[in-house]
Chemist: 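Structure below; questions to follow.
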Amino acid sequence: MAPKMAVRMLGTLALSGGLSLIGIGATGTTTSTATTVAVHARRTVRTRVTAAWPITSIAAGSNGKGYLVAAEDGGIFNFGGAAFEGNTYTDGLTGLSGAHPLNAPIVGIIPTPNGGGYWLIAADGGVFDFGNAKFYGSTYSQGHTGLGGSNPISGRIVGGVATPSGNGYWLVSSTGAVYNFGGAANEGDTASKGYTGLGGSHPLPAPIVSIAADSAGTGYWLVGSDGSVYNFGSAVYSGDVPSLPTPGKSSAGGSGQNNTTVATTQAPNVTTTYQNPPPPGSLLNPTTNISANPNYYSSCTNAVDGGQSANSVPCEQSAVAAINTGRADQGLPAMSLPNNFYQLPAIDQLFVLVNEERVSRGLVPVYGLANPLNALAAQGSSANTDPPISQSTFSTGPWALGLYANWAEDFSTAGSMYDWMYNDGWGGTGNTSNLACTSPSSSGCWGHRANILVSNSSGYTPVMGAASINESSLGGWIGFESDATVLTEVANSELHSVSYSYTWAQAVAAGADPQT
(Lines give C-alpha, C1' and ligand atoms only; values in the text may rest on other atoms or scores of the structure.)
Protein backbone atom coordinates (compact mmCIF):
# COMPACT_ATOMS: atom_id res chain seq x y z
CA MET A 1 0.00 0.00 0.00
CA ALA A 2 1.13 3.51 -0.71
CA PRO A 3 1.61 6.06 2.09
CA LYS A 4 -1.20 8.55 2.52
CA MET A 5 -0.84 11.66 0.31
CA ALA A 6 -2.30 15.07 1.03
CA VAL A 7 -2.83 15.92 -2.64
CA ARG A 8 -6.46 15.50 -3.77
CA MET A 9 -6.94 15.31 -7.55
CA LEU A 10 -10.44 15.25 -9.05
CA GLY A 11 -11.36 14.22 -12.55
CA THR A 12 -14.72 15.78 -13.48
CA LEU A 13 -16.70 15.23 -16.65
CA ALA A 14 -19.75 17.48 -17.14
CA LEU A 15 -22.40 15.77 -19.22
CA SER A 16 -25.46 17.18 -20.90
CA GLY A 17 -28.76 16.43 -19.29
CA GLY A 18 -27.70 17.61 -15.82
CA LEU A 19 -25.68 14.49 -14.90
CA SER A 20 -22.24 14.94 -13.28
CA LEU A 21 -19.89 12.05 -12.54
CA ILE A 22 -16.82 12.65 -10.39
CA GLY A 23 -14.13 9.99 -10.27
CA ILE A 24 -10.97 8.63 -11.75
CA GLY A 25 -10.83 5.68 -14.15
CA ALA A 26 -8.03 3.19 -14.62
CA THR A 27 -6.00 5.54 -16.81
CA GLY A 28 -6.30 8.50 -14.43
CA THR A 29 -9.14 10.15 -16.33
CA THR A 30 -12.82 9.37 -16.72
CA THR A 31 -13.49 7.43 -19.91
CA SER A 32 -16.63 8.16 -21.93
CA THR A 33 -18.23 7.14 -25.17
CA ALA A 34 -20.72 9.62 -26.72
CA THR A 35 -23.44 8.88 -29.23
CA THR A 36 -25.43 11.77 -30.80
CA VAL A 37 -28.86 11.16 -32.32
CA ALA A 38 -30.97 13.60 -34.38
CA VAL A 39 -34.17 13.93 -32.37
CA HIS A 40 -36.87 16.45 -31.47
CA ALA A 41 -35.65 19.62 -29.76
CA ARG A 42 -36.60 18.42 -26.27
CA ARG A 43 -34.58 15.19 -26.54
CA THR A 44 -31.19 15.42 -24.75
CA VAL A 45 -27.96 13.99 -26.07
CA ARG A 46 -26.77 11.39 -23.54
CA THR A 47 -23.22 10.18 -22.88
CA ARG A 48 -22.62 6.68 -21.55
CA VAL A 49 -19.82 6.35 -18.97
CA THR A 50 -18.38 2.87 -18.39
CA ALA A 51 -16.20 1.84 -15.47
CA ALA A 52 -12.79 0.62 -16.58
CA TRP A 53 -12.86 -2.19 -13.97
CA PRO A 54 -15.77 -4.19 -12.50
CA ILE A 55 -17.87 -2.55 -9.79
CA THR A 56 -17.59 -4.41 -6.47
CA SER A 57 -19.76 -2.57 -3.91
CA ILE A 58 -22.11 0.27 -3.10
CA ALA A 59 -22.61 2.38 0.03
CA ALA A 60 -25.08 5.06 1.07
CA GLY A 61 -23.94 8.66 1.14
CA SER A 62 -24.22 11.15 4.00
CA ASN A 63 -27.59 11.00 5.79
CA GLY A 64 -28.75 8.44 3.26
CA LYS A 65 -28.68 10.96 0.42
CA GLY A 66 -27.29 9.37 -2.71
CA TYR A 67 -24.73 6.63 -2.86
CA LEU A 68 -21.16 5.77 -3.71
CA VAL A 69 -20.08 2.99 -6.05
CA ALA A 70 -16.59 1.48 -5.85
CA ALA A 71 -14.69 -0.36 -8.57
CA GLU A 72 -11.93 -2.98 -8.35
CA ASP A 73 -9.27 -0.46 -9.33
CA GLY A 74 -10.22 1.92 -6.51
CA GLY A 75 -12.27 4.26 -8.64
CA ILE A 76 -15.26 5.93 -6.91
CA PHE A 77 -18.45 7.13 -8.60
CA ASN A 78 -20.80 9.32 -6.57
CA PHE A 79 -24.49 9.96 -7.17
CA GLY A 80 -27.18 12.17 -5.66
CA GLY A 81 -26.08 13.88 -2.47
CA ALA A 82 -23.15 11.55 -1.83
CA ALA A 83 -19.92 13.56 -1.77
CA PHE A 84 -16.74 12.44 -3.54
CA GLU A 85 -13.91 12.41 -0.98
CA GLY A 86 -11.21 10.79 -3.09
CA ASN A 87 -10.15 7.39 -4.37
CA THR A 88 -6.98 5.33 -4.66
CA TYR A 89 -5.84 7.40 -7.65
CA THR A 90 -5.90 10.59 -5.55
CA ASP A 91 -3.62 8.72 -3.14
CA GLY A 92 -1.08 8.31 -5.94
CA LEU A 93 -1.89 4.76 -6.90
CA THR A 94 -2.50 3.72 -10.50
CA GLY A 95 -5.31 1.20 -10.19
CA LEU A 96 -4.43 -2.43 -10.86
CA SER A 97 -1.64 -1.62 -13.30
CA GLY A 98 0.73 1.21 -14.13
CA ALA A 99 3.71 2.55 -12.25
CA HIS A 100 2.23 2.30 -8.75
CA PRO A 101 -0.54 -0.31 -8.74
CA LEU A 102 -2.66 -1.58 -5.89
CA ASN A 103 -1.45 -4.79 -4.27
CA ALA A 104 -4.90 -6.35 -4.69
CA PRO A 105 -8.35 -5.41 -6.01
CA ILE A 106 -10.75 -3.29 -3.99
CA VAL A 107 -13.57 -5.50 -2.68
CA GLY A 108 -15.67 -3.13 -0.60
CA ILE A 109 -16.50 0.36 0.57
CA ILE A 110 -17.45 1.19 4.17
CA PRO A 111 -19.09 4.59 4.80
CA THR A 112 -18.49 6.41 8.08
CA PRO A 113 -21.63 6.31 10.26
CA ASN A 114 -21.92 10.11 10.40
CA GLY A 115 -21.23 10.61 6.69
CA GLY A 116 -18.49 12.66 5.09
CA GLY A 117 -16.06 9.84 4.50
CA TYR A 118 -15.46 6.19 3.69
CA TRP A 119 -12.92 3.41 3.74
CA LEU A 120 -11.99 1.27 0.76
CA ILE A 121 -10.85 -2.26 1.59
CA ALA A 122 -8.77 -4.51 -0.63
CA ALA A 123 -8.63 -8.30 -0.95
CA ASP A 124 -5.21 -8.36 0.72
CA GLY A 125 -6.46 -6.50 3.82
CA GLY A 126 -5.32 -3.06 2.71
CA VAL A 127 -7.43 -0.13 3.98
CA PHE A 128 -7.64 3.34 2.39
CA ASP A 129 -9.36 6.19 4.22
CA PHE A 130 -11.04 9.24 2.70
CA GLY A 131 -12.84 12.31 4.02
CA ASN A 132 -13.49 12.09 7.76
CA ALA A 133 -12.79 8.35 7.87
CA LYS A 134 -9.88 7.73 10.22
CA PHE A 135 -7.25 5.11 9.42
CA TYR A 136 -7.05 2.55 12.28
CA GLY A 137 -4.79 0.06 10.58
CA SER A 138 -4.81 -2.76 8.06
CA THR A 139 -3.75 -6.38 8.07
CA TYR A 140 -0.27 -5.18 7.12
CA SER A 141 -0.06 -3.08 10.29
CA GLN A 142 -0.86 -6.28 12.21
CA GLY A 143 2.18 -7.98 10.71
CA HIS A 144 0.52 -9.85 7.86
CA THR A 145 1.97 -9.86 4.35
CA GLY A 146 -1.16 -9.66 2.24
CA LEU A 147 -2.13 -12.64 0.11
CA GLY A 148 1.34 -14.18 0.18
CA GLY A 149 4.74 -13.79 1.79
CA SER A 150 5.92 -15.09 5.13
CA ASN A 151 2.72 -14.30 7.07
CA PRO A 152 -0.25 -14.12 4.68
CA ILE A 153 -3.80 -13.47 5.77
CA SER A 154 -6.20 -16.42 5.88
CA GLY A 155 -8.03 -16.48 2.55
CA ARG A 156 -9.03 -13.25 0.83
CA ILE A 157 -10.79 -10.31 2.45
CA VAL A 158 -14.39 -10.27 1.23
CA GLY A 159 -16.06 -7.60 3.35
CA GLY A 160 -15.88 -5.10 6.16
CA VAL A 161 -18.08 -3.05 8.46
CA ALA A 162 -17.56 -0.09 10.79
CA THR A 163 -18.58 0.12 14.43
CA PRO A 164 -21.73 2.21 15.02
CA SER A 165 -19.57 5.03 16.42
CA GLY A 166 -17.08 4.87 13.56
CA ASN A 167 -14.14 4.41 15.95
CA GLY A 168 -13.02 1.22 14.28
CA TYR A 169 -13.87 -1.51 11.78
CA TRP A 170 -13.78 -5.25 11.17
CA LEU A 171 -12.57 -7.05 8.05
CA VAL A 172 -13.57 -10.64 7.28
CA SER A 173 -11.99 -13.18 4.97
CA SER A 174 -13.44 -15.99 2.89
CA THR A 175 -12.19 -18.51 5.46
CA GLY A 176 -14.06 -16.82 8.32
CA ALA A 177 -11.07 -15.03 9.86
CA VAL A 178 -11.96 -11.67 11.45
CA TYR A 179 -9.47 -8.81 11.74
CA ASN A 180 -10.39 -5.96 14.12
CA PHE A 181 -9.07 -2.41 14.21
CA GLY A 182 -9.48 0.65 16.42
CA GLY A 183 -12.38 0.35 18.83
CA ALA A 184 -13.78 -2.73 17.10
CA ALA A 185 -13.35 -5.64 19.54
CA ASN A 186 -12.61 -9.15 18.34
CA GLU A 187 -15.61 -11.21 19.46
CA GLY A 188 -14.45 -14.38 17.73
CA ASP A 189 -14.40 -15.92 14.28
CA THR A 190 -15.31 -19.24 12.71
CA ALA A 191 -12.08 -20.78 14.00
CA SER A 192 -13.19 -20.02 17.57
CA LYS A 193 -16.32 -22.06 16.82
CA GLY A 194 -14.19 -25.06 15.85
CA TYR A 195 -14.18 -24.67 12.07
CA THR A 196 -10.97 -25.18 10.14
CA GLY A 197 -11.49 -22.64 7.39
CA LEU A 198 -12.22 -24.04 3.94
CA GLY A 199 -10.36 -27.29 4.57
CA GLY A 200 -9.09 -29.43 7.45
CA SER A 201 -11.04 -31.72 9.75
CA HIS A 202 -14.10 -29.50 10.18
CA PRO A 203 -14.31 -27.12 7.21
CA LEU A 204 -16.90 -24.43 6.68
CA PRO A 205 -19.76 -25.60 4.48
CA ALA A 206 -19.21 -22.60 2.18
CA PRO A 207 -16.95 -19.51 1.93
CA ILE A 208 -17.80 -16.45 4.01
CA VAL A 209 -18.98 -13.59 1.79
CA SER A 210 -19.98 -10.71 4.10
CA ILE A 211 -20.13 -9.28 7.63
CA ALA A 212 -22.65 -7.05 9.46
CA ALA A 213 -22.42 -5.38 12.88
CA ASP A 214 -25.22 -5.24 15.43
CA SER A 215 -26.51 -1.89 16.73
CA ALA A 216 -24.65 -2.25 20.04
CA GLY A 217 -21.30 -2.40 18.29
CA THR A 218 -20.24 -5.37 20.43
CA GLY A 219 -21.14 -8.15 18.04
CA TYR A 220 -21.40 -9.12 14.41
CA TRP A 221 -22.71 -11.74 12.02
CA LEU A 222 -20.83 -13.54 9.25
CA VAL A 223 -22.70 -15.12 6.35
CA GLY A 224 -21.53 -17.84 3.99
CA SER A 225 -22.38 -18.18 0.33
CA ASP A 226 -24.80 -20.97 1.27
CA GLY A 227 -26.72 -18.67 3.62
CA SER A 228 -25.25 -20.05 6.86
CA VAL A 229 -25.08 -17.35 9.56
CA TYR A 230 -22.52 -17.29 12.37
CA ASN A 231 -23.08 -14.91 15.30
CA PHE A 232 -20.49 -13.44 17.65
CA GLY A 233 -20.54 -11.24 20.73
CA SER A 234 -23.88 -9.54 21.35
CA ALA A 235 -25.18 -10.34 17.85
CA VAL A 236 -28.16 -12.66 18.28
CA TYR A 237 -28.63 -15.69 16.05
CA SER A 238 -32.11 -15.65 14.50
CA GLY A 239 -31.78 -18.42 11.95
CA ASP A 240 -30.26 -18.82 8.50
CA VAL A 241 -31.09 -20.14 5.07
CA PRO A 242 -30.13 -23.81 5.68
CA SER A 243 -32.36 -23.86 8.79
CA LEU A 244 -35.48 -22.87 6.85
CA PRO A 245 -38.04 -25.63 6.26
CA THR A 246 -38.26 -27.23 2.85
CA PRO A 247 -40.59 -25.12 0.66
CA GLY A 248 -44.13 -26.45 0.80
CA LYS A 249 -43.56 -28.19 4.14
CA SER A 250 -43.87 -26.96 7.69
CA SER A 251 -42.43 -27.90 11.05
CA ALA A 252 -45.98 -27.41 12.35
CA GLY A 253 -47.37 -29.94 9.87
CA GLY A 254 -49.32 -27.51 7.68
CA SER A 255 -48.76 -26.97 3.99
CA GLY A 256 -46.93 -23.90 2.76
CA GLN A 257 -46.17 -22.54 6.24
CA ASN A 258 -42.77 -21.40 7.39
CA ASN A 259 -42.62 -21.84 11.15
CA THR A 260 -39.05 -22.03 12.42
CA THR A 261 -38.08 -21.45 16.06
CA VAL A 262 -34.44 -20.76 16.90
CA ALA A 263 -32.96 -20.17 20.35
CA THR A 264 -30.86 -17.04 20.83
CA THR A 265 -27.42 -16.81 22.42
CA GLN A 266 -28.75 -14.58 25.20
CA ALA A 267 -31.55 -16.82 26.51
CA PRO A 268 -32.35 -15.87 30.12
CA ASN A 269 -33.04 -19.35 31.49
CA VAL A 270 -30.12 -20.69 33.54
CA THR A 271 -31.89 -23.26 35.72
CA THR A 272 -32.77 -26.90 35.23
CA THR A 273 -35.59 -28.91 36.77
CA TYR A 274 -35.52 -32.68 36.95
CA GLN A 275 -38.23 -35.17 36.17
CA ASN A 276 -36.40 -37.83 38.14
CA PRO A 277 -33.71 -37.61 40.84
CA PRO A 278 -30.22 -38.57 39.64
CA PRO A 279 -29.19 -42.16 40.39
CA PRO A 280 -27.41 -42.53 43.76
CA GLY A 281 -23.66 -42.55 43.35
CA SER A 282 -23.68 -41.13 39.82
CA LEU A 283 -21.37 -38.32 40.96
CA LEU A 284 -18.88 -40.80 42.43
CA ASN A 285 -15.85 -41.91 40.44
CA PRO A 286 -16.09 -45.37 38.86
CA THR A 287 -14.32 -48.03 40.90
CA THR A 288 -12.14 -48.75 37.88
CA ASN A 289 -11.75 -47.58 34.31
CA ILE A 290 -14.66 -48.67 32.12
CA SER A 291 -13.60 -50.42 28.94
CA ALA A 292 -14.78 -48.71 25.77
CA ASN A 293 -17.74 -50.64 24.40
CA PRO A 294 -17.92 -50.50 21.47
CA ASN A 295 -14.20 -50.23 20.89
CA TYR A 296 -14.23 -46.83 19.20
CA TYR A 297 -10.43 -46.92 18.87
CA SER A 298 -10.81 -49.62 16.23
CA SER A 299 -13.76 -47.93 14.53
CA CYS A 300 -11.97 -44.59 14.34
CA THR A 301 -8.74 -46.11 13.05
CA ASN A 302 -10.70 -47.81 10.29
CA ALA A 303 -12.37 -44.48 9.44
CA VAL A 304 -8.99 -42.75 9.13
CA ASP A 305 -7.59 -45.61 7.07
CA GLY A 306 -10.61 -45.15 4.82
CA GLY A 307 -9.61 -41.56 4.09
CA GLN A 308 -11.43 -39.67 6.85
CA SER A 309 -9.79 -37.42 9.42
CA ALA A 310 -10.38 -37.08 13.16
CA ASN A 311 -13.94 -36.47 14.38
CA SER A 312 -15.57 -38.13 11.40
CA VAL A 313 -19.24 -38.95 11.97
CA PRO A 314 -18.77 -42.76 12.12
CA CYS A 315 -15.93 -42.33 14.61
CA GLU A 316 -17.90 -39.87 16.74
CA GLN A 317 -20.96 -42.10 16.77
CA SER A 318 -18.89 -45.03 17.99
CA ALA A 319 -17.34 -42.95 20.79
CA VAL A 320 -20.79 -41.64 21.82
CA ALA A 321 -21.95 -45.25 22.10
CA ALA A 322 -18.96 -45.97 24.37
CA ILE A 323 -19.93 -42.99 26.57
CA ASN A 324 -23.45 -44.35 26.84
CA THR A 325 -22.03 -47.70 27.99
CA GLY A 326 -20.12 -45.87 30.71
CA ARG A 327 -23.26 -43.98 31.70
CA ALA A 328 -25.25 -47.22 31.95
CA ASP A 329 -22.63 -48.52 34.37
CA GLN A 330 -23.60 -45.65 36.67
CA GLY A 331 -27.34 -46.08 36.20
CA LEU A 332 -27.72 -43.22 33.73
CA PRO A 333 -29.74 -43.34 30.51
CA ALA A 334 -28.21 -42.81 27.08
CA MET A 335 -27.63 -39.18 26.18
CA SER A 336 -30.34 -37.34 24.27
CA LEU A 337 -28.22 -35.25 21.91
CA PRO A 338 -29.37 -32.33 19.75
CA ASN A 339 -30.72 -33.52 16.41
CA ASN A 340 -27.92 -31.62 14.67
CA PHE A 341 -25.17 -32.85 17.00
CA TYR A 342 -22.99 -34.48 14.33
CA GLN A 343 -23.13 -31.32 12.20
CA LEU A 344 -22.11 -29.01 15.07
CA PRO A 345 -18.61 -27.53 15.30
CA ALA A 346 -16.30 -29.63 17.49
CA ILE A 347 -16.32 -27.10 20.34
CA ASP A 348 -20.13 -27.08 20.42
CA GLN A 349 -20.04 -30.87 20.59
CA LEU A 350 -17.67 -30.73 23.57
CA PHE A 351 -20.02 -28.26 25.26
CA VAL A 352 -23.08 -30.46 24.70
CA LEU A 353 -21.30 -33.56 26.01
CA VAL A 354 -20.15 -31.73 29.15
CA ASN A 355 -23.69 -30.60 29.89
CA GLU A 356 -25.27 -34.00 29.15
CA GLU A 357 -22.99 -35.46 31.83
CA ARG A 358 -23.80 -32.66 34.26
CA VAL A 359 -27.57 -32.38 34.02
CA SER A 360 -28.15 -36.14 34.24
CA ARG A 361 -26.35 -36.04 37.59
CA GLY A 362 -28.40 -33.14 38.96
CA LEU A 363 -25.81 -30.40 38.34
CA VAL A 364 -26.67 -26.97 36.95
CA PRO A 365 -25.88 -26.89 33.20
CA VAL A 366 -23.07 -24.76 31.88
CA TYR A 367 -24.76 -21.66 30.44
CA GLY A 368 -22.71 -21.18 27.30
CA LEU A 369 -19.39 -21.15 25.46
CA ALA A 370 -17.81 -17.81 26.35
CA ASN A 371 -15.69 -16.41 23.51
CA PRO A 372 -12.80 -15.25 25.75
CA LEU A 373 -12.64 -18.71 27.33
CA ASN A 374 -12.72 -20.31 23.86
CA ALA A 375 -9.59 -18.30 23.07
CA LEU A 376 -7.97 -19.45 26.32
CA ALA A 377 -8.81 -23.09 25.57
CA ALA A 378 -7.33 -22.66 22.08
CA GLN A 379 -3.97 -21.77 23.64
CA GLY A 380 -3.89 -25.20 25.27
CA SER A 381 -5.24 -27.02 22.23
CA SER A 382 -2.64 -25.49 19.93
CA ALA A 383 0.16 -26.39 22.37
CA ASN A 384 -1.06 -29.93 23.15
CA THR A 385 -1.35 -29.19 26.85
CA ASP A 386 -3.74 -27.90 29.48
CA PRO A 387 -4.92 -24.33 28.81
CA PRO A 388 -2.71 -21.82 30.69
CA ILE A 389 -4.90 -20.87 33.64
CA SER A 390 -3.55 -18.57 36.36
CA GLN A 391 -4.64 -15.64 38.45
CA SER A 392 -3.94 -13.33 35.52
CA THR A 393 -6.59 -15.18 33.50
CA PHE A 394 -9.27 -13.54 35.61
CA SER A 395 -8.44 -10.22 33.95
CA THR A 396 -9.99 -11.53 30.71
CA GLY A 397 -13.51 -11.48 32.11
CA PRO A 398 -15.75 -11.61 35.18
CA TRP A 399 -14.65 -15.14 36.07
CA ALA A 400 -14.87 -16.23 39.68
CA LEU A 401 -14.39 -19.12 42.09
CA GLY A 402 -11.78 -21.12 40.24
CA LEU A 403 -10.77 -22.23 36.75
CA TYR A 404 -10.77 -25.89 35.72
CA ALA A 405 -8.83 -26.90 32.59
CA ASN A 406 -8.75 -30.19 30.65
CA TRP A 407 -6.80 -31.37 27.62
CA ALA A 408 -6.87 -34.61 25.64
CA GLU A 409 -5.61 -36.02 22.36
CA ASP A 410 -8.05 -38.49 20.88
CA PHE A 411 -9.89 -39.54 17.72
CA SER A 412 -12.91 -37.29 18.35
CA THR A 413 -14.58 -34.92 20.80
CA ALA A 414 -16.62 -37.82 22.18
CA GLY A 415 -13.41 -39.83 22.52
CA SER A 416 -11.88 -37.07 24.65
CA MET A 417 -15.03 -36.94 26.79
CA TYR A 418 -14.94 -40.73 27.22
CA ASP A 419 -11.35 -40.56 28.48
CA TRP A 420 -12.12 -37.68 30.87
CA MET A 421 -15.24 -39.28 32.32
CA TYR A 422 -14.74 -43.06 32.18
CA ASN A 423 -11.05 -43.75 31.51
CA ASP A 424 -9.44 -41.20 33.84
CA GLY A 425 -8.19 -43.53 36.59
CA TRP A 426 -5.23 -45.83 37.06
CA GLY A 427 -5.01 -48.51 34.40
CA GLY A 428 -1.52 -49.75 35.12
CA THR A 429 1.92 -48.74 33.87
CA GLY A 430 1.75 -47.97 30.15
CA ASN A 431 -2.03 -48.34 30.13
CA THR A 432 -3.20 -45.12 31.78
CA SER A 433 -4.56 -42.31 29.57
CA ASN A 434 -4.54 -39.67 32.37
CA LEU A 435 -1.00 -38.25 32.47
CA ALA A 436 -1.66 -36.88 35.97
CA CYS A 437 -2.64 -40.31 37.33
CA THR A 438 0.80 -41.72 38.08
CA SER A 439 -0.21 -44.42 40.60
CA PRO A 440 -3.38 -46.04 42.00
CA SER A 441 -3.42 -43.49 44.86
CA SER A 442 -2.37 -40.40 42.87
CA SER A 443 -4.45 -37.28 43.51
CA GLY A 444 -4.50 -36.64 39.76
CA CYS A 445 -6.62 -39.71 39.05
CA TRP A 446 -10.15 -38.81 37.94
CA GLY A 447 -9.14 -35.14 38.00
CA HIS A 448 -10.46 -34.42 34.50
CA ARG A 449 -13.80 -35.91 35.49
CA ALA A 450 -13.86 -33.67 38.58
CA ASN A 451 -13.18 -30.63 36.38
CA ILE A 452 -16.35 -31.42 34.41
CA LEU A 453 -18.60 -32.26 37.36
CA VAL A 454 -17.93 -29.05 39.30
CA SER A 455 -20.80 -27.98 41.57
CA ASN A 456 -21.90 -24.38 41.14
CA SER A 457 -22.00 -21.89 44.04
CA SER A 458 -25.11 -20.01 45.08
CA GLY A 459 -25.55 -16.87 42.96
CA TYR A 460 -23.15 -18.12 40.27
CA THR A 461 -23.60 -19.95 36.96
CA PRO A 462 -21.02 -22.17 35.21
CA VAL A 463 -19.62 -21.04 31.84
CA MET A 464 -16.91 -22.62 29.74
CA GLY A 465 -14.62 -22.40 26.76
CA ALA A 466 -13.55 -25.12 24.36
CA ALA A 467 -11.16 -25.68 21.47
CA SER A 468 -10.39 -28.50 19.05
CA ILE A 469 -7.54 -28.58 16.52
CA ASN A 470 -6.61 -31.44 14.20
CA GLU A 471 -3.16 -32.74 15.06
CA SER A 472 -2.11 -32.61 11.40
CA SER A 473 -1.97 -28.81 11.68
CA LEU A 474 0.39 -29.25 14.65
CA GLY A 475 2.66 -31.70 12.89
CA GLY A 476 0.86 -34.80 14.16
CA TRP A 477 -1.40 -37.53 12.79
CA ILE A 478 -4.57 -36.54 10.93
CA GLY A 479 -6.50 -39.18 12.88
CA PHE A 480 -6.13 -37.35 16.21
CA GLU A 481 -7.39 -34.00 17.42
CA SER A 482 -6.22 -31.82 20.31
CA ASP A 483 -9.21 -30.95 22.54
CA ALA A 484 -9.29 -28.55 25.48
CA THR A 485 -11.90 -27.13 27.83
CA VAL A 486 -11.93 -24.44 30.51
CA LEU A 487 -14.77 -24.23 33.03
CA THR A 488 -15.44 -21.52 35.60
CA GLU A 489 -18.33 -19.56 37.09
CA VAL A 490 -19.81 -16.09 36.63
CA ALA A 491 -21.96 -14.16 39.07
CA ASN A 492 -25.56 -14.26 37.86
CA SER A 493 -25.62 -10.45 37.77
CA GLU A 494 -22.76 -10.49 35.23
CA LEU A 495 -23.82 -13.51 33.19
CA HIS A 496 -25.08 -11.46 30.24
CA SER A 497 -22.02 -9.20 30.14
CA VAL A 498 -20.11 -12.06 28.49
CA SER A 499 -20.25 -12.85 24.76
CA TYR A 500 -21.15 -16.44 23.85
CA SER A 501 -20.68 -18.47 20.69
CA TYR A 502 -23.20 -21.17 21.68
CA THR A 503 -25.56 -21.70 24.63
CA TRP A 504 -27.33 -24.54 26.35
CA ALA A 505 -30.64 -22.96 25.39
CA GLN A 506 -29.74 -23.49 21.73
CA ALA A 507 -28.80 -27.12 22.37
CA VAL A 508 -32.01 -27.78 24.29
CA ALA A 509 -34.08 -26.21 21.50
CA ALA A 510 -32.43 -28.71 19.14
CA GLY A 511 -33.29 -31.71 21.31
CA ALA A 512 -30.66 -31.92 24.08
CA ASP A 513 -31.20 -32.37 27.84
CA PRO A 514 -33.60 -35.22 28.63
CA GLN A 515 -33.87 -33.96 32.23
CA THR A 516 -35.64 -30.64 31.57
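All residue numbers refer to positions in the sequence shown, counting from 1. Only this structure's heavy atoms are used, side chains among them; waters, hydrogens and symmetry mates stay out.
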Chemist: Mind jotting down which residue pairs meet the ring pair (Phe, Tyr, Trp, His ring centres under 6.0 Å) criterion with at least one end in residues 331-365? Sequence neighbours excluded, please.
Modeler: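 Only F351-Y502 qualify under ring pair (Phe, Tyr, Trp, His ring centres under 6.0 Å).
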Chemist: Taking salt bridge (charged side-chain N to carboxylate O under 4.0 Å, His left out) as the definition, give me every residue that meets it alongside E357, ordered by chain and number, with sequence neighbours left out.
Modeler: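 Salt bridge (charged side-chain N to carboxylate O under 4.0 Å, His left out) list for E357, sorted by chain: R327, R361.
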Chemist: Can any side-chain N or O of Y169 pair as donor or acceptor with the backbone N or O of I110 at less than 3.5 Å?
Modeler: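 Here the side-chain-to-backbone pair does not exist.
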Chemist: Please identify each residue that fulfils side chain to side chain contact (heavy atoms under 4.5 Å, CB included) with A467, with sequence neighbours left out.
Modeler: A377, A378, S381
Chemist: Run the side chain to side chain donor-acceptor pair (under 3.5 Å) test against D189 and tell me which residues pass, sequence neighbours left out.
Modeler: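 D189 satisfies side chain to side chain donor-acceptor pair (under 3.5 Å) with no residue once adjacent residues are dropped.
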Chemist: Ring pair (Phe, Tyr, Trp, His ring centres under 6.0 Å): which pairs involve residues 294-321, sequence neighbours left out?
Modeler: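 Qualifying pairs, neighbours excluded: Y296-Y418.
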Chemist: Do D410 and S416 pair up side chain to side chain, a donor and an acceptor below 3.5 Å, judged on atom types alone?
Modeler: no
Chemist: If the condition is side chain to side chain contact (heavy atoms under 4.5 Å, CB included), which residues does S473 pass it with, not counting sequence neighbours?
Modeler: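 Side chain to side chain contact (heavy atoms under 4.5 Å, CB included) list for S473, sorted by chain: I469.
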Chemist: Would you list the pairs meeting ring pair (Phe, Tyr, Trp, His ring centres under 6.0 Å) in which at least one residue belongs to residues 210-234, sequence neighbours left out?
Modeler: W170-Y220, Y195-Y230, Y220-F232
Chemist: As an exercise, state the distance from CD of E409 to CZ of F480, rounded to the nearest 0.5 Å.
Modeler: 5.5 Å
Chemist: Side chains of N374 and S501: donor-acceptor distance under 3.5 Å anywhere?
Modeler: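 Yes.
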Chemist: Within a strict 4.5 Å, meaning less than it, do heavy atoms of the M335 and L353 side chains meet?
Modeler: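 Heavy-atom side-chain distance check passes, below 4.5 Å.
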Chemist: Strictly distance-based, threshold 3.5 Å: is any side-chain N or O of N406 a donor or acceptor partner for the main-chain N or O of H448?
Modeler: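 Side chain of N406 to backbone of H448: a pair is present.
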Chemist: Please determine, by modelled atom types, if T145 and N151 share a side-chain donor-acceptor pair under 3.5 angstrom.
Modeler: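 No, no side-chain donor-acceptor pair sits under 3.5 Å.
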Chemist: Return the set of residues passing side chain to side chain donor-acceptor pair (under 3.5 Å) with D226 (not counting sequence neighbours), or none when no residue passes.
Modeler: S228
Chemist: With sequence neighbours left out, write down each residue that passes side chain to side chain donor-acceptor pair (under 3.5 Å) with T139, or none if nothing qualifies.
Modeler: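 Partners of T139 under the side chain to side chain donor-acceptor pair (under 3.5 Å) test: none.
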Chemist: Counting C-beta onward and ignoring hydrogens, is there a side-chain heavy-atom pair between L171 and F181 closer than 4.5 Å?
Modeler: yes
Chemist: Hey, could you give me each pair passing disulfide bond (SG atoms under 2.5 Å apart) that has a residue in residues 294-366? Not counting sequence neighbours.
Modeler: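 Every pair satisfying disulfide bond (SG atoms under 2.5 Å apart) with a residue in residues 294-366: C300-C315.
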Chemist: Just jot down the side chain to side chain donor-acceptor pair (under 3.5 Å) partners of E187, sequence neighbours excluded, or say none.
Modeler: S499
Chemist: Hey, does L337 have a side-chain heavy atom less than 4.5 Å from the side chain of Q349?
Modeler: no
Chemist: With a 3.5 Å cut-off and sequence neighbours excluded, list the donor-acceptor pairs that the side chains of residues 156-168 form with protein atoms.
Modeler:
from	atom 1	to	atom 2	distance (Å)
T163	OG1	S165	OG	3.4
T163	OG1	G166	N	3.2
T163	OG1	N167	N	3.1
T163	OG1	N167	OD1	2.7
S165	OG	N167	N	3.4
S165	OG	N167	OD1	2.9

Chemist: Cut-off 3.5 Å, side chains only: do W426 and S442 have a donor facing an acceptor?
Modeler: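 No - no donor-acceptor pair under 3.5 Å links their side chains.
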